[in-house]
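Okay, structure first, notes after.
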Amino acid sequence: MAELGVISLEEAKAALDKFWKPKPRDVYVSFSHAIGRVSSTEIKSKIDVPPFDRATYDGFAVKASDTFGATESSPIKLKLVGRVLAGTWPRMHLRPGSSVEITTGAPLPRGADAVVMSEYAVVEDGSVNIYRSVSPWENVTSRGSDIKKGQIVIGRLKQLNLLDVAVLAAIGVKKIMVKDRPKVAVISTGSELVEPGAKLRKGKIYDVNATSLSESVRACGGEPVFLGTISDRFSAIKAAVSNGIKIADVVLISGGSSVGTGDLTPRAIATLGRPGVIVHGIAMKPGKPTFIAVVKNKPIFGLPGYPVSALMVFDQLVADYLHELSGIPRSRQSVVQAKLATKLLSARGRQEFVPVKLVEKDGQKLAEPILKGSGAITSLSTADGYIEVPLEREIVEEGESVEVKLFRGCSLV
Ligand code: AMP
Ligand code: MG
């Protein structure tokens with residue numbers, strides 16, 4: 001029987017490194033599509049914001065010194081010489097002893113240096129009585145006080161949120177250069193698979209990986225392109241992968257990745273071009289029957305069909321590359337110390353990832369291994385995280401201290 005020539009996860013990554021390196025691309029997007037994306041360059045404002053000195057409130061533009069001494073009992077009378085509305089540009093030049101009615105956001109006329117709020121002013125026969133003095137620049141928002149021309153408003157490689165987009169709007173920028181989302185072709189293989197929603201006939205199961213891998217791609221900032229649930233036929237696999245290489249930056253194909261008679265995926269890909277399959281077999285559990293190929297300078301990750309294996313391999317092998325391509329930083333993985341609840345036997349010579357549930361017992365944190373196996377998607381959905389058992393360990397004793405790596409938010413990645 002053919003055997004997989006296993007190498008460690010690190011060796012597998014180093015092997016891929018020789019043939020392919022992730023190269024992020026830049027793309028312009030409208031700011032309405034910029035949220036969540038990562039800026040390719042720093043953004044400098046080309047204007048002052050606000051672009052002119054403006055009234056902070058409705059009231060009367062004045063020369064502050066004209067109002068000195070004004071109080072409720074002894075108001076100062078100023079000549080009312082006009083009105084400035086927001087959105088217009090004042091032509092007048094305010095002379096001493098005069099005032100102009102002004103609305104919030106309207107430009108301050110030349111000669112004025114403050115605004116008396118309308119609450120402290122009463123208009124009377126072409127004049128305005130001022131009941132409170134103002135100091136210079138009171139109730140005025142000065143030009144560039146929010147953003148100065150030339151100021152950097154967004155740094156390079158910043159993941160943009162809604163406030164960043166609001167700042168872009170304030171400086172009048174509609175398009176911004178961001179890291180492009182890598183396109184990732186997702187292919188499921190297996191003659192037993194049917195798409196969720198379809199009728200389940202005898203001998204068939206629903207395709208899980210199409211969904212779990214596509215969503216994992218999205219969580220890394222990639223754009224999944226699902227190319228279908230393909231039956232175990234050499235020509236069908238070849239056609240789907242060829243198409244994937246054409247339209248995507250990365251291809252993910254699950255199922256049929258081992259060396260059994262029914263495992264056609266690596267063999268089909270081997271006919272597509274050089275260097276072809278460069279890694280076949282990784283010393284991890286789950287995930288041993290994983291392969292990596294490179295064809296036409298595109299990486300193809302061949303993941304095992306078992307849903308838990310496929311997700312674990314995605315998490316350990318694929319996710320970092322997609323984060324590098326999309327520029328979106330991978331969130332830090334939280335780690336919790338716990339005591340192993342039951343003795344664990346592990347495969348020698350393989351780095352094992354065991355899903356665990358965290359429980360509190362007598363004030364102690366316990367990690368309960370979920371041993372449903374990699375065919376059971378619920379072994380992940382009911383787990384809080386996983387523990388890693390190194391290559392050479394065979395037994396982890398009950399009560400031993402273990403590091404639980406928590407799943408990150410809504411996704412494994
Ligand atoms: P394979 O890697 O093709 O040998 O498949 C291993 C196991 O995973 C088999 O029981 C398959 O039926 C199952 N499997 C393969 N692909 C999927 C999938 N996309 N969704 C759910 N189960 C799958
Ligand atoms: Mg199969």
Would a 4.5 Å heavy-atom cut-off, applied to side chains only, mark [X] and [Y] as touching?
{"X": "Phe234", "Y": "Thr271", "value": "yes"}
{"X": "Ile230", "Y": "Ile253", "value": "no"}
{"X": "Thr189", "Y": "Asp232", "value": "yes"}
{"X": "Tyr386", "Y": "Val356", "value": "no"}
{"X": "Ser40", "Y": "Lys179", "value": "yes"}
{"X": "Met312", "Y": "Leu380", "value": "yes"}
{"X": "Asp58", "Y": "Thr103", "value": "yes"}
{"X": "Lys372", "Y": "Thr382", "value": "no"}

### Task
Not counting sequence neighbours, list each pair that qualifies as a ring-ring contact (aromatic ring centres under 6.0 Å, His included) and has a residue in residues 182-201.
none
Smallest separation among heavy atoms of [X] and [Y], with atom names:
{"X": "Pro304", "Y": "Thr290", "value": "CD-OG1, 3.5 Å"}
{"X": "Val115", "Y": "Val134", "value": "O-CG1, 3.6 Å"}
{"X": "Ser8", "Y": "Glu11", "value": "N-OE1, 2.8 Å"}
{"X": "Ala338", "Y": "Leu366", "value": "CB-C, 4.2 Å"}
{"X": "Val165", "Y": "Ala34", "value": "CG2-CB, 4.3 Å"}
{"X": "Phe19", "Y": "Val294", "value": "CB-CG2, 3.9 Å"}

Report yes or no: does [X] contribute a side-chain atom to a donor-acceptor pair with the main-chain N or O of [Y] at less than 3.5 Å?
{"X": "Ser45", "Y": "Gly150", "value": "no"}
{"X": "Lys204", "Y": "Ser191", "value": "yes"}
{"X": "Gln159", "Y": "Gly36", "value": "yes"}
{"X": "Glu368", "Y": "Ala341", "value": "no"}
{"X": "Ser39", "Y": "Gly155", "value": "yes"}
{"X": "Asn161", "Y": "Leu163", "value": "yes"}
{"X": "Thr265", "Y": "Gly255", "value": "yes"}
{"X": "Gln333", "Y": "Leu406", "value": "yes"}
{"X": "His280", "Y": "Ser257", "value": "yes"}
{"X": "Asp207", "Y": "Asn209", "value": "yes"}

#### Entry: Of Leu160, Leu162, Val153, the residue whose pairing with Val167 passes side-chain contact (heavy atoms from CB on, under 4.5 Å)
Val153
### Task
Could you check Val49 against Ile171 for side chain to side chain contact (heavy atoms under 4.5 Å, CB included), going step by step and ending with a plain yes or no?
CA-CA 7 Å; Val49 179; Ile171 65 169; 4.1 Å; yes
Are more than 12 heavy atoms, taken from residues, nucleotides or ligands other than [X], located less than 6.0 Å from that residue's [atom1] atom?
{"X": "Phe226", "atom1": "CZ", "value": "yes"}
{"X": "Tyr321", "atom1": "OH", "value": "yes"}
{"X": "Asn297", "atom1": "CG", "value": "no"}
{"X": "Tyr206", "atom1": "OH", "value": "yes"}
{"X": "Lys13", "atom1": "NZ", "value": "yes"}
{"X": "Gln337", "atom1": "CD", "value": "yes"}
{"X": "Phe52", "atom1": "CZ", "value": "yes"}
{"X": "Arg267", "atom1": "CZ", "value": "yes"}

Less than 4.0 angstrom from a charged side-chain N to a carboxylate O is my criterion; do [X] and [Y] meet it?
{"X": "Asp249", "Y": "Lys298", "value": "no"}
{"X": "Glu400", "Y": "Arg393", "value": "yes"}
{"X": "Arg330", "Y": "Asp315", "value": "yes"}

## Note on the structure
The side-chain hydrogen bond (donor to acceptor under 3.5 Å, both in side chains) partner of Asp48 among Arg143, Gln151, Lys149 is Arg143
### Residues Ser258, Leu4; criterion side chain to side chain contact (heavy atoms under 4.5 Å, CB included); working and verdict
CA-CA 8 Å; Ser258 195; Leu4 286 168; 4.1 Å; yes
### Task
Show the numbers, then the answer: is there a side chain to side chain contact (heavy atoms under 4.5 Å, CB included) between Ser214 and Thr211?
CA-CA 5 Å; Ser214 296; Thr211 303; 6.0 Å; no
### Full working for salt bridge (Lys or Arg N to Asp or Glu O under 4.0 Å) between Lys365 and Glu360
CA-CA 5 Å; Lys365 254 197 192 77; Glu360 288 271 337; 3.6 Å; yes
[atom1]/[X] to [atom2]/[Y] distance, rounded to the nearest 0.5 angstrom?
{"X": "Phe314", "Y": "Asp320", "atom1": "CZ", "atom2": "CG", "answer": "10.0 Å"}
{"X": "Thr229", "Y": "Ile187", "atom1": "OG1", "atom2": "CD1", "answer": "10.5 Å"}
{"X": "Thr378", "Y": "Ile370", "atom1": "OG1", "atom2": "CD1", "answer": "8.0 Å"}

### Message
Checking Val313 against Ile282 for the side chain to side chain contact (heavy atoms under 4.5 Å, CB included) test, could you report, in this order, the C-alpha distance in whole Å, the side-chain angles of both residues, the deciding distance, and whether it holds?
### Response
CA-CA 10 Å; Val313 174; Ile282 298 183; 5.7 Å; no
### Selection residues 159-168 - residue pairs positive for salt bridge (charged side-chain N to carboxylate O under 4.0 Å, His left out), sequence neighbours left out
Lys158-Asp164
### Thr141 side chain to Thr56 side chain, donor-acceptor N/O pair below 3.5 angstrom
yes
### Task
For Glu394, check salt bridge (charged side-chain N to carboxylate O under 4.0 Å, His left out) against everything at least two apart and list the hits.
Arg348
